[in-house]
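Let me begin by presenting the structure, written as structure tokens, before commenting on it.
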Amino acid sequence: QVQLVESGGGLVQAGGSLRLSCAASGRAFLTYPMGWFRQAPGKEREFVAFIDWVGGRTYYADSVKGRFTISRDNTKNTVDLQMNSLKPEDTAVYYCAAAPNPNPYVAPSVYRYWGQGTQVTVSS
């Protein structure tokens, strides 16, 4: 069993930065790949970033590539999402998710565990 809790959301002006953190409980977290997703009002949940359980492989949605960085610290059971150069279209509720073997990693349906989400609002 894995429990996930996101934090770090808030209101920021366009061009600003935020760092989201996902705290995990449960020993299984140490071997689970992790993903960040987001969902804007009226839209489907979409993939943002992925990191494998070691932290050696990362993937990003084209819309955030070069601006967002995903990282994990297995000694602290955390996965972070550093978001720079934020744009109004990044406004959404951001979720972290975990699964033993998410394939394809971009699909929300393959993730077993989800956090409650944290709101990110970027003003223009």
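These numbers come from the heavy atoms of this one structure, side chains and all, not from hydrogens, waters or symmetry mates.
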Next item on the list: Determine whether Cys22 and Tyr95 make a side-chain contact, defined as any pair of heavy atoms from C-beta on separated by less than 4.5 Å.
Entry: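 Cys22 vs Tyr95: side chains apart.
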Solution key, residues 4-11 side-chain donor-acceptor pairs under 3.5 Å, sequence neighbours excluded:
from	atom 1	to	atom 2	distance (Å)
Glu6	OE1	Gln116	N	3.0
Glu6	OE1	Gly117	N	2.8
Glu6	OE2	Cys96	N	2.9
Glu6	OE2	Gly117	N	3.3

Item checked: Validation row, ring centre Phe68 to ring centre Trp36 under 6.0 Å ->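 When the ring centroids of Phe68 and Trp36 are compared, they turn out to be at least 6.0 Å apart.
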Margin query: Please tell me whether Tyr59 and Phe47 form a close aromatic pair, meaning their ring centres lie under 6.0 Å apart.
Written below: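 For Tyr59 and Phe47, the ring centres are not under 6.0 Å apart.
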Check: Which residue pairs satisfy the salt bridge (charged side-chain N to carboxylate O under 4.0 Å, His left out) criterion with at least one member in residues 70-83, sequence neighbours excluded?
Finding: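 Listed once each, the pairs are Arg19-Asp80.
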Note to self: For residues 96-105, which residue pairs pass the salt bridge (charged side-chain N to carboxylate O under 4.0 Å, His left out) check, not counting sequence neighbours?
What the structure shows: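 The answer is none; no pair qualifies.
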Next item on the list: Could you walk me through whether Tyr32 and Val2 pass side-chain contact (heavy atoms from CB on, under 4.5 Å), step by step?
Entry: CA-CA 10 Å; Tyr32 282 10; Val2 175; 3.7 Å; yes
Check: Got a second to check how far Met83's CE is from Ile70's CD1, nearest 0.5 Å?
Finding: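 Rounded to the nearest 0.5 Å, the CE-CD1 separation comes out at 12.0 Å.
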Check: If you round to the nearest 0.5 Å, how far is OG of Ser17 from CG of Leu86?
Finding: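 Between Leu86 CG and Ser17 OG, I get 6.0 Å after rounding to 0.5 Å.
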Spell out, yes or no, whether [X] and [Y] are grouped together once hydrophobic residues are joined by side-chain heavy atoms under 4.5 Å, including indirect joins.
X	Y	result
Tyr60	Phe37	no
Tyr111	Val93	yes
Val110	Trp114	yes

Notebook entry, point to check: Hey, which of Leu81, Leu20, Asp90 is the one that makes side chain to side chain contact (heavy atoms under 4.5 Å, CB included) with Arg38?
Noted result: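 With Arg38 as partner, Leu81, Leu20, Asp90 yield a single side chain to side chain contact (heavy atoms under 4.5 Å, CB included), made by Asp90.
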Next item on the list: Check the surroundings of atom CD in Glu89: do more than 12 heavy atoms from other residues, nucleotides or ligands lie under 6.0 Å from it?
Entry: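 Enclosed: over 12 neighbouring heavy atoms sit under 6.0 Å from CD of Glu89.
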